[in-house]
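It should be emphasised that the depicted structure is a prediction, and the values quoted were computed from it without experimental measurement. A, B, ... follow the sequence lines: proteins, then strands. Residue 1 opens every chain.
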Amino acid sequence: MREKVLPVLTVVLGILALWYLAAIPMNVREALTAAERAGAVVEGGSATERQQLPALRLVLLNPALALEGAWTQDRPRLPAPHQVAAELWSSVAGQPPGSNRSLLRHAGITLGATLAGFAIGSLAGILLAVGIVHNRAMDLSVMPWAIISQTIPIVALAPMIVVVLNSVGVQGLLPKAVISAYLSFFPVAVGMVKGLRTPDPMQIDLMRTWNASRAQIFWLLRLPASVPYLFASLKVAVAAALVGTIVGELPIQRGGLGARMLAGSYYGQTTQIWAALVMAAVLAAALVWFMGFLERRTLRAMGVPA
Amino acid sequence: MRATATTLPERDSPVIAAKDVSLVFGTADGPVQALRDVTLSVGAGEFVSFIGPSGCGKTTFLRCVAALETPTSGTLTVNGMDPDAARRARAYGYVFQAAGLYPWRTIEGNVRLPLEIMNYPKAEQAERVARVLEMVELSGFARKYPWQLSGGMQQRASIARALAFDAPILLMDEPFGALDEIVRDRLNEELLRLWARTGKTTLFVTHSIPEAVYLSTRIVVMSPRPGRITDIIESPLPRERPLEIRDTPEFLAIAHRVREGLRAGHVEV
């Protein structure tokens, strides 16, 4: 346990230190403006002249003022970690869970759409892979399209999916789930094609000597052989599904972490954006961890040495 | 070519009958003749070894018998049927060089696999698995996973798997090729005992002269480019063979003849 905690802690502390440092030049202009307004003497000329100077130069000219105002502003360019933590706490614990201001509520909305999209996407990916492995025409025709589908920027595609689905009367969770599935089917399809093809010719020959049917070869050999590949791609897919959902929430604006981030950027609430971002990261970590947990359980049941 | 199969005594209703079997593979570098005019007949209960250098077609011939390859000319029958019909009738068990056990199945699960595929009733599956595991002395390891077993034990499990559905023919393609000499000796001894007990017609591909001589009632010497039979040697050794038989003059004489046959095949190239 200790071997694990120490390196992780070191990295976290390093990131926090960098973050606090970066907040000084990032927030120096607003800090100096506020200090000037409060009557302090600011080096570097008037407000307009200061616009021409690089942020680091301003910090060096006014070290005390820059430090004083770096981590305490109401609307900083880069909020300090403790400000994000405070915002996170107040929007999680300080709000009734049903409230529109509750980050928990938004996280729940995002989680629901993510899970739905992940389920649709993984299922589609598995079915595609089964088709590709068993059908030569699909093998030659489907993969190029699947690859092309992933080269289209999802941010450009998401609003169109929303509009098209809306025009046929599909609203709510489903459009977001579709966007999320669009991102998550691909890793699953690629991983499963690889996994279903792992059995070597000898193992297929062995099945032939027993006169096994194609269905038996699939269920008894190909599918179990693909399980490690399936879980590796599910971990990628679940993270991609979360990204897809958040992107989908930008144009829809009916709650969710994506909506929260966009609202924050409309109103200059950087702390709110960062809080939503941290929440999204926590969610992603939890989802990936859960997939890893399922993987360990499944592989242990399949006799893989722990 | 020193001897052709035409000099063989005629056998009544051979289990495996090959007449002028040839097989040409089309490769990127042009056609490769893997087998030329292989004529051989194997009677019930025989133990026939195929020996020769790489590329002599010994494995290819075994795969033809198993209907994993199809000869381009000649006739080949297995149990009186064409090989593919015999395969569909599950006439043989095949043992590859690699044990090829499924890592996600226990030893008994692996041995049970062909029985599941062939839809044996559950109770009979269990009874057969127990019986063949006992035959290869792996009864205590039924619940272990393959990675928990040594290479030799894994290969024994794969032999048990080939025996589980009691096919009359056993095809073995260098089953002990990847094992060390000591393990190999023990498995050879066990295989002989197994063969005596089950009476299965066995075709056995090997690189090893002592192994071929020790195990077989008949040794087929093959040579490459094109793959063909250069000699067929009837073994005068008794069926009961302790490992020490390998030091007897009879044994050494056969081994010598096999070596000569292999050398003759090489000179022709």
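Between B:Tyr92 and B:Tyr94, the two ring planes are perpendicular [angle over 60°; tilted spans 30° to 60°].
The parts of A:Ala225 that come within reach of chain B are both its backbone and its side chain, each placing non-hydrogen atoms under 4.5 angstrom from that chain. With a 4.5 angstrom heavy-atom cutoff, B:Pro114 touches chain A via backbone and side-chain atoms both. Of the two parts of B:Ala98, the backbone and the side chain both hold a non-hydrogen atom closer than 4.5 Å to a non-hydrogen atom of chain A.
Counting heavy-atom pairs closer than 4.5 Å to chain A, the top-ranked of the candidates B:Arg63, B:Lys144, B:Arg105 is B:Arg63. Ranked by heavy-atom pairs under 4.5 Å with chain B, the first of A:Asp200, A:Asp205, A:Asn211, A:Leu221 is A:Asn211.
The side-chain heavy atoms of B:Thr201 and B:Leu170, taken from C-beta on, include no pair separated by under 4.5 Å.
In terms of heavy-atom proximity, B:Ala160 sits nearest to B:Leu133 at CB-CD2, 4.4 Å.
In this structure, a donor-acceptor pair under 3.5 Å is present between the side chains of A:Thr114 and A:Thr245. Side chain to side chain, A:Thr298 and A:Glu295 fail the donor-acceptor criterion of an N or O pair below 3.5 Å.
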